[in-house]
Amino acid sequence: MTRASGVGSWPGTDPGEANGTIRNLLAENGLPFLPELPARGPGAELIGRGAALLLDLPVELTPSGWRHTDAPGRDLSRARGYLANDLDALAEAYDGYGGDLKVQVTGPWTLAASVELPRGERTLTDPGATADIIASLAEGVRRHCADVERLLPGVKLVVQIDEPWLPAVLAGRLPTASGYGRVRSVDPAIVESGLRTVVSSVEDTRPVVHCCDRAIPLPLLRRAGVTGVSMAITGLSATVWESIAAGVEDGLTLYAGALPTDEVGDYQTATTALTRAWQAVGLERARLDDLVITAACGIPGLTIAQARRALQVAVDVATALGEQAHA
């Protein structure tokens, strides 16, 4: 069944309202997800939320961003508090629910590219510190999933690993702390191995990697063991679509970011564009049934009313594609 879902981030600051809205729209025929509310401030955004999952690797907030520190402080406590509040709201909204549920976690390479060492350079510049983040995150994500399953014993989890900086890590596009140079690119085999460590820690949850960068390394992700890829699909080249097709035919689930994030749009335009691209690479129409439809990326910049509308449009697209798959 073609389903609708969301990438993760959501407007507003009320986790109870966000979870209730998402459950109402997606619980019956979609893939509901734990919303992230970055409008609450530092600790609720991508990197702070990911750092809150690290075990025995405390961080603090500095003027330049998140940085490793010797002991946990109020910044880390705030980030963990947001996550705890979100889980409480999730448990209340989904009491008695027994279907699929998606949770999002920051990926190891995006964390290593973003969290700074005490001297100010990216963790990525230190192979040992990077390995520590990978190992710590893998265990932290495993425990996070266990917490969700304890609160909602009937759910079947899907874990989405957010890796917006992964292509930049591979290509050596990240600036150094001074801004005058670039951090050396990381060997793809090392990137694959690190990602596989985190994927393996939650392999029973049908792990998905999300990346908005058009240079998303699809073959590497497939080798790392993910079962799905979440990506924006508008304006992709024929070569990328051929790589997508190869993955889909091999059992990979495409979380198709078919809806723009700066405007709600209409479901007919998105449905037509996706169907044409699907047919152009020779994918069978019946395989549309395996798609998950989302916005191209997170939607925290929309109003709450617009976000609801965007999610409804995703549901409409999924319904239309599902009908085509069974026509």
Side-chain angles (χ1 to χ4, degrees), residues 1-10 18-35 93-94 97-104 155-160 205-210 212 226-236 241 244-245 247-249 251-281 283-299 302 305-327:
M1 178 181 69
T2 313
R3 298 189 291 178
S5 190
V7 170
S9 54
W10 189 263
N19 276 285
T21 296
I22 291 166
R23 174 168 184 170
N24 288 340
L25 286 169
L26 297 180
E28 184 174 351
N29 295 313
L31 174 57
F33 59 98
L34 174 63
Y94 288 86
Y97 176 71
D100 289 346
L101 176 72
K102 181 166 71 70
V103 298
Q104 302 79 221
V155 303
K156 303 172 185 66
L157 280 184
V158 175
V159 172
Q160 175 182 302
T205 67
R206 295 159 289 169
V208 177
V209 165
H210 169 72
C212 293
V226 304
T227 64
V229 173
S230 172
M231 57 186 291
I233 61 164
T234 56
L236 295 180
W241 266 112
I244 290 173
V248 169
E249 290 175 344
L252 192 74
T253 299
L254 176 62
Y255 288 63
L259 309 175
T261 57
D262 55 349
E263 58 183 85
V264 176
D266 67 272
Y267 83 93
Q268 291 178 331
T269 300
T271 302
T272 300
L274 181 50
T275 302
R276 286 175 177 171
W278 203 255
Q279 294 173 338
V281 289
L283 285 168
E284 297 177 3
R285 186 169 59 183
R287 289 188 180 273
L288 289 168
D289 211 29
D290 299 326
L291 282 172
V292 179
I293 304 300
T294 72
C297 207
I299 52 175
L302 300 182
Q306 288 172 328
R308 291 191 185 114
R309 172 60 181 157
L311 206 54
Q312 181 60 60
V313 171
V315 170
D316 293 341
V317 173
T319 299
L321 292 172
E323 291 173 353
Q324 290 187 33
H326 293 278

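This chain uses plain numbering: 1 for the first residue, then up along the sequence.
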How far does CG of L254 sit from CE of M231, to the nearest 0.5 angstrom?
7.0 Å
Between CD of E249 and CG of L283, what distance do you get to the nearest 0.5 Å?
5.5 Å
From F33 atom CZ to R23 atom CZ, the distance as rounded to the nearest 0.5 Å
14.5 Å
Side-chain touch R285/W278, heavy atoms, less than 4.5 angstrom:
no
How long is the span from the CD1 atom in I22 to the CH2 atom in W10, to the nearest 0.5 Å?
5.0 Å
Heavy atoms of G20 and A93 approach each other most closely as N-CB, 4.3 Å
Heavy-atom side-chain contact between N19 and P35 under 4.5 Å
yes
Taken to the nearest 0.5 Å, the spacing of L274 CG from Q324 CD works out to 8.5 Å
Considering all heavy atoms, the nearest A295-T261 contact
CB-CG2, 4.2 Å
Separation between CZ of R308 and OG1 of T21, rounded to the nearest 0.5 Å:
4.0 Å
Does some side-chain heavy atom of R206 sit less than 4.5 Å from a side-chain heavy atom of D100?
yes
With a 4.5 Å heavy-atom cut-off, do L259 and V317 have their side chains touching?
yes
